[in-house]
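Chain identifiers are assigned alphabetically (A, B, ...) following the order of the sequence lines, protein sequences preceding nucleic acid strands; residue numbering begins at 1 within each chain. What you see below is based on every heavy atom in this structure, not just the backbone, and it leaves out hydrogens, waters and symmetry mates.
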Amino acid sequence: MDMEKCRSGNYFEDFRVGMKIRHATPRTLTEGDRSLYIGLTGSRAALCTAETNARDLGMERRPLEDLLVFNTAFGKTVPDISLNAVANLGYAEVRFLAHVYPGDTLAVESEVIGLKENTSGKSGVVYVRSMARNQHGREVLSWVRWVMVHKRDHGAACAEAVVPATQAVVPSAWMRRDDYTARVREITAMTGFADLWDDYAVGERIEHPGAMTINDSDHSIATRLYQNTARAHFDGHAMAAGGGRRLVYGGHIISVCRALSYDGLENALSILAINGGSHVNPTYAGDTIACATQVIEKLDLGQGHLGGLRLRMIGVKNVSAASIAFPAPGESRTAHPSSVVLDLDYTIAIPRR
Amino acid sequence: MDMEKCRSGNYFEDFRVGMKIRHATPRTLTEGDRSLYIGLTGSRAALCTAETNARDLGMERRPLEDLLVFNTAFGKTVPDISLNAVANLGYAEVRFLAHVYPGDTLAVESEVIGLKENTSGKSGVVYVRSMARNQHGREVLSWVRWVMVHKRDHGAACAEAVVPATQAVVPSAWMRRDDYTARVREITAMTGFADLWDDYAVGERIEHPGAMTINDSDHSIATRLYQNTARAHFDGHAMAAGGGRRLVYGGHIISVCRALSYDGLENALSILAINGGSHVNPTYAGDTIACATQVIEKLDLGQGHLGGLRLRMIGVKNVSAASIAFPAPGESRTAHPSSVVLDLDYTIAIPRR
Amino acid sequence: MDMEKCRSGNYFEDFRVGMKIRHATPRTLTEGDRSLYIGLTGSRAALCTAETNARDLGMERRPLEDLLVFNTAFGKTVPDISLNAVANLGYAEVRFLAHVYPGDTLAVESEVIGLKENTSGKSGVVYVRSMARNQHGREVLSWVRWVMVHKRDHGAACAEAVVPATQAVVPSAWMRRDDYTARVREITAMTGFADLWDDYAVGERIEHPGAMTINDSDHSIATRLYQNTARAHFDGHAMAAGGGRRLVYGGHIISVCRALSYDGLENALSILAINGGSHVNPTYAGDTIACATQVIEKLDLGQGHLGGLRLRMIGVKNVSAASIAFPAPGESRTAHPSSVVLDLDYTIAIPRR
């Protein structure tokens, strides 16, 4: 009997700084994936909801939802990067570089940009920069993430630590800005809401009125749709053996919160960047998610018809959005109460008057 | 902190007779939505199940399922009309005016046609007529519904009551009839069943043999697919706080019953009208739905190859279809036992010999 | 009241050897069905996951997943063949004769090829050969299955037993072999795995690392997507009345196991045949499925770039894949422990060096 074909992912000592990984396999996204994304998250983004909306906003077709693209691209990296992860520690510099349309194929590659063994000698942190390109080779999404990964052999010698520098906030100069024409202002006729970039104030708090209970099939179907194979989301038997339950994939929580945040941010066009985020506490099936947003910064993108809003979105479980407290800038994130499941810092494009 | 962006829907005193509301936002339906609709309801309508069926029946393409269109259009009205509803009281004059095809975009508008404050002064009934049009401006679906809506301010003064007259039954003269050619008779070769309009008798009872247990994800995914944001279907935490559970969206129950009723009505082509209906008791996840149909009336649509059947479909939970008793005409609907969840009066088009 | 329209499927005495049944109705499969199939099973088959993969492998388009086609075609036969089944006893000679693409329509017919009354006089075994054709009349899938079916009338006289001979293993001469060019070897660049036909050895065991907990909505949505109406999968109320629970459709378990078996069989192109299989024990929602594969035979398909692997895939519930014991050839299948849910013997096409 030959066990060699039971692949078990990379362990900490398998990574080298500079190593490049082409993730298996490319994935074509379609209108079918969009329908499922809407069914699983309740997304109502105007630009993506109707062909007529996209055309009236000056585009040829409606693009796919930003986070459908993000979650699909992310899922591709799991078998190589995080199958043996102890924990997903963070991400940064998530840049949405071009729209993705039904029929487009995403191919994803990663480069190891940092490695740092833990003092325990049992695990280490792997930093990777990943890039998704479409079938024309155009860069559509890039991001950095870092993950704590088990060592296979605790005695394995490891190279000296390399910890890459990342931007705390994606600089506005890095953001794409030429996707939209002045016609984007017509979005208010579609959404029925008048508030544009000019109407948001730094420090303003938006309590999104909806809330959504997560069902087991919701997150399972979503995570499979992204072909994400992380066992913690699927193997209820193993999780129970460890005294736990299946974890809801964090990317699904981001999607649900983003969909809930439509109310109050109706005229957002798309996500330009995710500056950082943490999944503060786990979510399980049966938990009800609510969220609130604080405006952190208003970005002048150098275009008369378009501005950026940097937002802090906090997602909670089983409490109301009204209970969400936004920590003061600089306050430690670890101070979050146990009801907080997501603390996301991201930037959207929105028309200006 | 500015809370103005936490929109909370319209309250009774926000409505005026004659007020027109353009609902956000238009929605393009696709083959992906159809697949999900089949997966969530088990629909087997012959005209919609295969391109070859549609062409063999004399059409260019297969249209989308009627109730996928209805539920999508209905969902669009929720944020403006029924977000603060105490109860959905009824609907009437639901007219299916044209087929909708994958790629079509629905835009929905409503007009307030009646208002009646309750004597309590705490709420009132809002009557609206809604219309869905496709991207060419063609009317595809219209309906009237009335909803009991909370007042924001119990002291607010309200105008004199206006209660619109609606037809108890959609007149056959209002029904579209030119979608089909004589080739529709070929449906019997597809379904393998011979019974056409001529074979149904007024008073005849059809017990549909299937039954379907509703799962939490089934109705959640369906309701999100329709971008229906009514909280009672999604917010399990709030429902539990009120001593309850998430309610299954009534439109999902109609879809499930319609799908179960395929057996016994195999040669139905499409729904022409919903004359009225009530969701007699709530349905929760875990309930098993069964249904039976009684033929109420046979309609001569003035076409040799096509007739109409007015049907009464009663849906029950956790009992067999055999237990369904059809009340005599004129008997009060409130006499239904607690197992009844749906009492729907609707009209289908079906080929004649 | 006329109950004639409450059709209840065929009973044993309704079948005759040589009888042909055209199943209702044809079904068009689309990209929407594929998205749902991926979301429900986690399928990652390289050929089907990206248009670029298919083109790079020398094909014009990506075909639909083999088991999506199988389950859809199988579902069509249920109302006529197995609605009154006591048990699905087995299947054989399942041949995948041509790829099916989004937009193709499957039409399914069956012929009764055998009948054998049970000595009890209460039921009998019905043998049928079924065939799915696409809209061009091309045969895409054929299979034999046998089912134990109730008699309606225990006293009904039945013809003499006819038991058809079937092949224990689909002969390699029956398998299609001209779908692929030498470009299929490029699959290793997509999957990142080097193992091809040459690298598998008869007797080799592959333990697939994943595991998947089945949710109620997962299997319900899948089974409805296939328009399979077998009551045991849907009617929780009736199952509970009989002291049981809804059964997960066996075809869903095959799909889940096949998807899990991607890891270790990354370069499989498609299924050529299912030689036989049995659903050894039932699966219920909440069960966690794992599986392992043993290489049974290596087939020379007479083509330099393509070989066949005959595989035995055993699926288990709530135990690890490591616990799976492959019985020696010839050992009775009834010896399986209660954790085994699937024992499938099938043949795949895979590139050679």
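Proximity to chain B is limited to the backbone of A:Thr41, based on heavy atoms less than 4.5 angstrom apart. When heavy atoms are compared at a cutoff of 4.5 Å, B:Arg27 approaches chain A by way of both its backbone and its side chain. Interface residue A:Asn53: only side-chain heavy atoms are found under 4.5 Å from chain B. The part of A:Val319 that comes within reach of chain B is its backbone (N, CA, C, O), which places non-hydrogen atoms under 4.5 angstrom from that chain. Both the backbone and the side chain of B:Ser220 come within contact range of chain A, judged by heavy atoms closer than 4.5 Å. Within the 4.5 angstrom heavy-atom criterion, only side-chain atoms of A:Tyr262, from C-beta onward, approach chain B.
Judged by distance alone, with hydrogens and angles left aside, the side-chain atoms of B:Gln227 form a donor-acceptor pair with the main-chain N or O of A:Ser43 at under 3.5 Å. Here the side chain of A:Thr191 pairs no donor or acceptor atom with the backbone of B:Ala24 at under 3.5 angstrom.
For the side-chain contact (heavy atoms from CB on, under 4.5 Å) with A:Asn215, the lone residue among B:Ile221, B:Asp216, B:Asn215 that qualifies is B:Asp216. For the side-chain contact (heavy atoms from CB on, under 4.5 Å) with A:Leu36, the lone residue among B:Asp33, B:Leu36, B:Leu225 that qualifies is B:Leu36.
In terms of heavy-atom proximity, A:Ala50 sits nearest to B:Thr105 at CB-CG2, 3.7 Å.
Within a 6.0 Å sphere centred on CZ of A:Arg352, other residues, nucleotides and ligands contribute more than 12 heavy atoms.
When the candidates B:Ala107, B:Ser217, B:Pro102, B:Gly32 are compared by the number of heavy-atom contacts under 4.5 Å with chain A, B:Ser217 comes out ahead. Each of A:Gly42, A:Cys48, A:Ser35 has some count of heavy-atom pairs under 4.5 Å with chain B, and the biggest count is that of A:Ser35.
Between the CZ atom in B:Phe234 and the CD1 atom in A:Ile214 there is a gap of 11.0 Å [rounded to 0.5 Å].
Considering only heavy atoms from C-beta on, B:His237 stays 4.5 Å or farther from A:Thr213 through its side chain. Looking only at side-chain heavy atoms (C-beta outward), B:Thr25 and A:Glu266 stay at 4.5 Å or farther from each other. Between B:Thr28 and A:Arg34, every side-chain heavy-atom pair lies at or beyond the 4.5 Å cut-off. Side-chain contact between B:Arg224 and A:Met212 is present, with at least one heavy-atom pair separated by less than 4.5 Å.
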Evaluation steps, side-chain contact (heavy atoms from CB on, under 4.5 Å), between B:Thr229 and A:Arg44: CA-CA 10 Å; B:Thr229 57; A:Arg44 288 174 283 153; 3.5 Å; yes
